[in-house]
Colleague: 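This is the structure, below, for whatever I ask next.
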Amino acid sequence: MPKLKEVNFWLVYIVVTILILTAAIFIFYYEWIINKNKYIESLTNFNKISVQNTISSFRNKESTLKILGENLLELDTLNNPENGRKIINDMKRVNKGIVAFGLARYDGQLILVSTLNNRDNLPNLMDDKLTAKSFEEARDSTSMKLGRTYYMENLAKWVIPLRMGIETKDGKIPLVMTAGVQVDGGDTVLNIKELPEDLKIQLIREDGYLQFENPVDDKYEKIYLKEFDFHILKKIDEIKEFTPEVFISNISNQKRLISVIYIEDYNLYSLVSVPFDVVTKDFNKKLIIAMILLFILLLILYFLFNFSIKIQNKTRDQLKYIANHDTLTGVYNRYSLNEEIKNRMEKKRNFYIFFLDLDNFKYINDNYGHLVGDKLLKEVARRLKARLFKRDYIARNAGDEFIILIDERDEETVRTIAKKILDIFSNNFRIDDIEVFTGVSIGISKYSKNKTTTSELLNQADMALYKAKEHKNSYVIFSKAIYGNTKEIVQIETELRQAIAREEFSLVYQPKINSKTNKIVGVEALIRWYNLKLGFVSPEKFIKIAEKSGIINDIGEYVIKQAQKDIKDVWAQTNEEFTLSVNVSPRQLVSIKEMNRFKKLILNSNFPNDKFMIEITENIFLGDVKGIILFLNTIKSYNISISLDDFGTGYSSLSILSKLPITELKIDKSFIHDMFLNEENMKLVKSIVNIGKDINLEVVAEGVEEQNELKLLESFGCDIYQGYYFSKPLSKEELIEFIKNKI
């Protein structure tokens with residue numbers, strides 16, 4: 001019998017040991033992957049920053065070359081080079097990263113260099129093989145081209161040559177601007193003052209030569225005058241879009257972890273790398289400690305005879321965990337939450353309830369499927385657990401709702417915690433190969449040893465959440481004022497649902513005036529609402545509620561139909577035709593279903609497409625940008641115009657502006673009113689006008705109220721205006737009289 005027991009013991013020990021060793025190997029491998037991914041993520045993020053800095057730096061220099069070249073062209077520097085001496089030297093002084101500016105003729109002959117007063121021995125850039133190719137590309141293009149990095153003997157510096165053709169009004173390119181960016185100044189290209197230890201940044205040209213490297217481990221001649229490693233270049237050449245790739249390879253006989261991003265604008269590869277032994281160093285320390293602990297564990301295991309009891313205990317704990325936790329996210333479930341609240345109330349423990357509701361979650365579920373939605377909820381729970389304290393109680397209430405119990409702290413600390421939770425959602429979520437954005441709205445209520453029930457406490461947090469949802473990605477602490485405000489919102493929403501049937505809406509039209517001809521070129525339809533119970537309700541208030549409740553789609557349909565009917569009547573009575581503009585809410589394009597409804601509404605009307613314009617705001621791009629742009633291109637293909645309203649106040653940028661199929665750009669009235677506050681505001685408005693003109697857009701200034709505003713805008717080249725200086729918003733009848741008086 002003893003012998004049999006001994007055999008059974010060793011059999012159990014061997015089985016358990018094998019399981020532990022297998023698990024240990026898996027854990028070690030998993031830890032290694034985590035450790036490696038940490039460096040991969042860090043390298044990728046740093047490379048993205050490096051790429052953005054590179055693009056920003058080169059675009060800044062491209063703008064500088066264009067402005068300088070146009071000024072030199074106006075000074076007739078091509079025929080009289082000395083006319084541009086002062087301006088080119090001044091520009092050199094204010095651009096510290098540029099060692100020299102130069103001006104060359106179309107044949108490549110330099111005729112003016114900022115740092116050289118003697119023009120007799122200036123070289124011809126077409127005579128040097130290091131400069132000829134980039135110069136030849138630049139002289140037939142108005143976009144900036146990068147030449148190979150080379151040693152500039154006249155200045156005794158290694159530089160990146162920049163070249164850009166300058167076009168005259170008749171489309172000819174008589175001269176080429178050139179500049180040299182210093183590469184041995186440390187921060188002149190990427191504007192990074194100090195690199196993290198062991199990190200290396202490289203910019204590689206498509207022809208295989210290095211454009212820039214920091215830090216430099218060898219002589220510049222060996223770096224910039226020989227082709228890059230062929231095997232690495234062949235591998236990174238497959239990356240032709242702004243999608244980071246990370247791989248391991250040798251650079252200068254050193255094994256390195258390399259992040260690569262392709263910069264399409266300048267045909268460059270951005271490489272950020274770190275020695276691979278740095279990646280393994282931290283893991284090796286953990287591995288040694290883990291191996292020692294594993295050895296100790298196996299020794300201890302030898303003395304554990306009550307194996308079955310421990311298994312039973314483990315099973316009991318798992319069942320308890322399942323009963324109290326949400327199976328999807330791993331946080332506490334609603335049953336456990338109610339028990340915890342009840343327990344805290346019984347113990348008279350003061351605490352706060354944070355009621356979280358994800359923004360845009362329905363959009364993500366509808367467009368990417370519930371599997372992506374479930375993975376997003378899991379990632380949200382993971383971030384919450386990682387960011388909050390262990391004593392903070394996190395539970396999933398239902399759907400995309402989470403509830404957090406926070407032990408009583410002062411209100412300032414509560415606000416800090418709320419901001420910390422909001423910060424969790426500042427970065428996008430990557431689900432498989434999809435990158436999605438969701439914010440969070442937070443309602444907060446407080447239990448303080450009174451007779452508040454669980455339902456009352458949750459209801460207070462829910463009302464605060466409703467208030468926070470008005471602005472999204474924000475938090476609100478419950479107060480009595482919120483209770484009253486919530487009742488008002490509910491009342492407005494209730495009345496809104498009957499407003500169309502009761503014919504409570506009306507439309508007014510604000511004219512767009514061409515100041516040169518003093519004629520009306522279009523009108524913008526604006527909605528007004530008067531309710532017998534609520535009185536006049538401002539659009540700023542009821543539009544937000546309509547968007548949140550989904551009523552905006554019916555209101556938008558009403559506005560389009562009624563506005564088209566009104567304007568056709570105006571045309572008939574005035575014998576004047578002009579464009580009708582109608583504002584489109586982001587909610588009207590939130591899904592494929594709503595887009596199709598909107599398109600069907602427009603195309604089935606008998607209003608001429610070429611006289612109809614939709615106005616969108618930059619907020620429309622918070623969702624699926626690619627899908628929205630594709631839809632707008634479809635709308636434009638039907639000869640319907642598109643206007644970008646309130647430009648500069650939302651989420652679009654110059655990079656996306658060029659991709660939009662818009663025909664009109666409207667400057668927000670806040671910019672117009674701030675023009676005279678300081679010179680920077682004035683320059684900003686002028687720049688917006690120039691941007692619109694440069695990409696062939698009609699530029700409209702909103703909110704023009706004073707003559708001095710009009711005069712300044714006319715000097716900038718803006719021709720179309722809206723504002724009280726010309727006319728307030730008019731009813732259909734007032735609009736008819738207004739047009740007749742203009743005629």
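Positions are given from 1 along the sequence.
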Colleague: For residues Asp140 and Tyr106, is any side-chain donor paired with an opposing acceptor at under 3.5 Å?
Modeller: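 Per modelled atom types, Asp140 and Tyr106 side chains form a pair under 3.5 Å.
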Colleague: If we ignore angles and hydrogens, is there a donor and acceptor under 3.5 Å between the side chains of Lys38 and Ser42?
Modeller: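 No pair is found: no donor N or O on one side chain lies under 3.5 Å from an acceptor on the other.
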Colleague: Looking at Lys145 and Glu137, does any basic side-chain N land under 4.0 Å from a carboxylate oxygen?
Modeller: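 Here Lys145 does not pair with Glu137 in a salt bridge, since their nearest N and O are not under 4.0 Å apart.
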Colleague: So do the side chains of Glu705 and His673 get within less than 4.5 Å of each other, counting heavy atoms only?
Modeller: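 Heavy-atom side-chain distance check passes, below 4.5 Å.
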Colleague: Among Glu698, Glu615, Glu702, find the residue that satisfies the salt bridge (charged side-chain N to carboxylate O under 4.0 Å, His left out) test when tested with Lys512.
Modeller: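 Exactly one candidate clears the test, Glu615.
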Colleague: For Leu73, run the side-chain contact (heavy atoms from CB on, under 4.5 Å) check against Leu68, Leu175, Leu103 and tell me which one passes.
Modeller: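 Answer after filtering Leu68, Leu175, Leu103: Leu175.
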Colleague: Check whether any side-chain heavy atom of Lys683 sits under 4.5 Å from a side-chain heavy atom of Glu680, and report yes or no.
Modeller: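 Lys683 vs Glu680: side chains apart.
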Colleague: Would Lys255 pass as a cation-pi partner of Phe276, given that its NZ or CZ must be under 6.0 Å from the six-membered ring centre and within 45 degrees of the axis?
Modeller: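 Yes, a cation-pi geometry holds between Lys255 and Phe276.
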Colleague: Just checking, Arg148 and Tyr209: is the charged tip under 6.0 Å from the six-membered ring centre and within 45° of the axis?
Modeller: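 That pair qualifies as a cation-pi contact.
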Colleague: Verify the distance criterion only: is there a donor paired with an acceptor across the side chains of Asn47 and Ser270 at less than 3.5 Å?
Modeller: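 Per modelled atom types, Asn47 and Ser270 side chains form a pair under 3.5 Å.
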Colleague: Would you please test Glu206 and Tyr266 for side-chain hydrogen bond (donor to acceptor under 3.5 Å, both in side chains) and show each step?
Modeller: CA-CA 10 Å; Glu206 283 192 323; Tyr266 300 104; over 6 Å; no
Colleague: Step by step, would you call Ile201 with Leu271 a side-chain contact (heavy atoms from CB on, under 4.5 Å)?
Modeller: CA-CA 6 Å; Ile201 297 178; Leu271 275 64; over 6 Å; no
Colleague: So do Leu665 and Ile688 actually touch side chain to side chain, heavy atoms under 4.5 Å?
Modeller: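 Answer yes - side chains close enough.
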Colleague: Between Phe101 and Leu65, is there a side-chain heavy-atom distance shorter than 4.5 Å?
Modeller: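 Side-chain contact under 4.5 Å: yes.
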Colleague: Taking atom types as modelled and ignoring hydrogens, do the side chains of Ser643 and Asp645 form a donor-acceptor contact shorter than 3.5 angstrom?
Modeller: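 No.
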Colleague: What I want to check is whether the side chains of Glu714 and Tyr721 have a donor and an acceptor closer together than 3.5 Å.
Modeller: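 Judged by distance alone, the side chains do not pair up.
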Colleague: Is it true that Lys669 and Gln722 share a donor-acceptor pair across their side chains at a distance under 3.5 Å?
Modeller: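 No, Lys669 and Gln722 have no side-chain donor paired with an acceptor closer than 3.5 Å.
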Colleague: Is the terminal nitrogen or CZ of Arg163 (NZ for Lys, CZ for Arg) located under 6.0 angstrom from the six-membered ring centre of Phe135 and within 45° of that ring's axis?
Modeller: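 No, a cation-pi geometry is absent between Arg163 and Phe135.
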Colleague: Could you check if a side-chain atom of Tyr224 sits within less than 4.5 angstrom of a side-chain atom of Gln211, using non-hydrogen atoms only?
Modeller: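 Result no, sub-4.5 Å side-chain heavy-atom pair not found.
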